[in-house]
Amino acid sequence: MRASFLTERKETFAAGIDVRVKLLLCFCGSVVSIALSSPLSLGFLAGCSMLLALGAARPLTIARMYLFAVLMLAFALAFSGLISLAVPGLMHWNAFSLSVPFLRILISVNLLLMLALSTPVQTLFNRLQSWKLPVWVHVPLSVAIRFVPSFINDCAQIRDAARLRPGAGLRRFWRGFAVPLVFRMLYSADDLAMAAELKGVGSAAKTRLSQKECMTRRDAAVAACTALALSAAVLMQYYGPQFRPQPM
Amino acid sequence: MNRVDTLPLAVPGDLAATRRGVGASRWSTRDLVTIGVFATVIKASTIMVAYMGGGMNPVTLAAKNCLYVTLMIVLLHKVPRPWTMTLAVGITSLVSLLLMGQGVLHAPGQVLAAFLGEGLILWLGGYGKTRNIVAGVLTAELSAKAIGLAVSWLTMREQPAMLIPATIFILIGTAGTFLGAFAGVRFMKELRHAGIISD
């Protein structure tokens with residue numbers, strides 16, 4: 001497990017936000033982004049969520065994620081172009097047809113980065129535990145949220161190692177990327193499990209919060225700004241310029 | 001032999017649980033963490049592949065199913081106990097709901113399908129054999145598709161013609177499911193060869 005993830009979240013704006021507010025932000029952002037369909041509203045929310053992500057991670061990290069998202073978009077456009085050429089009745093290629101799914105993914109990625117990079121796993125775990133969730137729900141759930149940055153880092157490391165290997169094609173992909181990635185996942189899971197067990201996670205003794213955590217002014221301000229941003233996005237959807245749904 | 005000597009490598013939490021006599025029936029932290037890790041990877045990788053496909057793309061649909069089945073087979077070998085698949089599917093749905101706002105409609109069907117798959121594995125003799133696990137995962141995946149198609153028929157039964165392309169795509173995706181079973185068995189050979197998962 002990379003130690004730099006422990007240092008990355010220190011002294012950032014998002015690290016000072018209560019984990020309850022962050023979870024609420026993620027849930028509301030994801031539900032609203034699915035409910036809305038206007039590119040203007042989604043673009044506005046993507047901008048707001050980008051500000052939150054910038055408050056949790058370095059701009060270079062965000063830029064890399066965006067580059068990856070744009071690469072995925074390019075692949076998607078290329079594939080849809082090929083399908084529209086092969087089966088014209090099924091899909092009409094349009095450069096803007098994927099803008100709405102792209103913005104939805106961007107909002108999710110921003111909020112996920114904000115949550116994962118700014119929240120110590122112990123804090124997240126303690127909070128989920130304090131909500132009286134069963135151990136078989138809160139342990140995998142907190143690991144699932146926290147493992148995303150580690151997994152991205154593992155992918156990058158194995159990709160770099162795969163480049164050094166000779167050979168090409170499917171065999172190189174299998175031997176150089178797929179198998180090492182699964183090995184690495186299993187080792188990461190063991191590392192995480194060992195760390196969790198040594199901290200007493202899953203034992204009979206309940207972990208108590210060190211102090212009663214109250215909402216701060218920052219939490220209230222973030223929650224208020226979120227409510228305002230979501231309302232503005234909904235208003236833009238219904239009263240702003242109307243966009244026709246792009247055919248797929 | 002001393003009872004403690006017969007235990008596998010155990011850290012204090014596990015040892016304490018075993019001494020209380022509840023270790024065998026309760027989830028260990030190791031199992032839960034492994035399920036969490038696999039649930040994340042399954043969700044992240046399938047979403048990436050699906051998005052890269054640009055919508056109704058048969059190749060990426062098959063690749064997505066292939067990835068899902070492969071990872072699920074590896075997970076069930078790593079955590080060979082009842083409810084692993086159901087819990088992994090449930091956590092994946094929760095992550096989807098929390099971070100991507102979706103999965104509310106599909107989750108019940110997928111959990112039910114996982115339940116059927118687990119039932120088949122237990123009926124075949126448990127998690128000790130690869131063929132039982134492969135059969136269970138294939139049953140769960142095919143049941144999930146059948147349930148999804150049935151829900152689609154319920155909502156679109158007035159326009160049955162719309163179901164034809166969906167059925168064709170599901171059939172293409174099924175090819176990926178079988179390919180995933182093959183890849184999962186290959187992975188298990190690699191993992192056993194590396195000594196990561198024991199026979």
Side-chain angles (χ1 to χ4, degrees), chain A residues 23 26-27 29-35 72-73 75-83 90-91 97-98 101-102 104-105 108 111-112 115 135-137 139-145 147-148 151-152 174 178-179 182-183 185-190 192-194 196-198 200-204 248, chain B residues 10-14 16-17 20 22 26-41 43-45 47-48 50-60 70-71 74 78 83 87-88 90-92 94-102 104 165 183 186-187 190-191 194 196-197:
Chain A
L23 284 169
C26 284
F27 181 70
S30 59
V31 169
V32 171
S33 70
I34 290 293
M72 279 172 57
L73 178 69
F75 269 113
L77 284 171
F79 271 126
S80 56
L82 280 174
I83 294 168
L90 187 66
M91 188 183 278
S97 61
L98 291 170
F102 177 70
R104 282 180 183 147
I105 292 271
S108 293
L111 293 175
L112 179 64
L115 179 67
V135 70
W136 46 269
V137 171
V139 172
L141 191 59
S142 46
V143 168
I145 291 169
F147 185 66
V148 172
F151 179 62
I152 292 166
W174 177 261
V179 174
V182 174
F183 281 20
M185 266 168 57
L186 290 168
Y187 279 124
S188 293
D190 279 346
L192 274 174
M194 186 69 78
E197 282 170 338
L198 290 172
V201 172
S203 63
M248 288 285 288
Chain B
V11 290
D14 275 350
R20 286 193 308 274
V22 292
R26 287 177 62 174
W27 290 98
S28 74
T29 309
R30 189 173 295 264
D31 293 345
L32 293 174
V33 169
T34 307
I35 290 170
V37 165
F38 271 80
T40 317
V41 175
K43 194 74 229 171
S45 53
I47 280 191
M48 272 196 289
Y51 181 69
M52 276 166 73
M56 298 172 88
N57 184 340
V59 177
T60 51
T70 306
L71 290 171
V74 175
K78 181 74 178 163
W83 303 112
L87 188 55
I91 294 296
T92 309
L94 261 177
V95 171
S96 291
L97 179 66
L98 190 65
L99 299 174
M100 291 144 211
Q102 49 189 292
V104 182
R186 284 289 304 272
F187 259 117
E190 298 279 357
L191 292 169
I196 294 174
I197 289 177

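Just so we're clear, the structure is a prediction, and the values are computed from it rather than from any experiment. Naming convention: chains lettered A, B, ... in sequence-line order (proteins, then strands); numbering from 1 in each chain.
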One should read off an interatomic distance between A/Leu192 CG and B/Leu32 CG, to the nearest 0.5 angstrom, of 12.5 Å
Please name the pair of heavy atoms, one in B/Val95 and one in A/Ala144, separated by the smallest distance, quoted to 0.1 Å. CG2-CB, 3.8 Å
Is B/Glu190 close to A/Val182 at the side-chain level, that is, under 4.5 Å between some pair of heavy atoms? no
Let's test your reading of the structure: which of B/Thr70, B/Val41, B/Ile35, B/Thr92 forms the most heavy-atom pairs below 4.5 Å with chain A? B/Val41
Quick check on A/Ile105 against chain B: is it the side chain, the backbone, both or neither that has a heavy atom closer than 4.5 Å? side chain
Given that the side chain runs from C-beta out, which part of A/Val179 has a heavy atom under 4.5 Å from chain B: side chain, backbone, both or neither? both
The test is side-chain contact (heavy atoms from CB on, under 4.5 Å); show your working for B/Thr40 and A/Met185 and say whether it passes. CA-CA 11 Å; B/Thr40 317; A/Met185 266 168 57; over 6 Å; no
Let me know if A/Val137 has heavy atoms under 4.5 Å from chain B in its side chain, its backbone, both or neither. both
Closest non-hydrogen atoms of B/Gly36 and A/Val143, given as atom of the first, atom of the second and distance, are C-CG1, 4.1 Å
If we define contacts as heavy-atom pairs under 4.5 Å, which of B/Asp31, B/Val37, B/Thr34 has the most with chain A? B/Val37
What heavy-atom pair brings B/Leu191 and A/Phe183 nearest, and what distance separates the two atoms? CD2-CE1, 3.2 Å
Which region of A/Tyr187, side chain (C-beta onward) or backbone (N, CA, C, O), has a non-hydrogen atom less than 4.5 Å from a non-hydrogen atom of chain B, or is it both or neither? side chain
Under a 4.5 Å heavy-atom cut-off, does chain B meet the side chain of A/Ala178, its backbone, both or neither? both
Heavy-atom distances under 4.5 Å only: say whether B/Leu87 touches chain A with side chain, backbone, both or neither. side chain
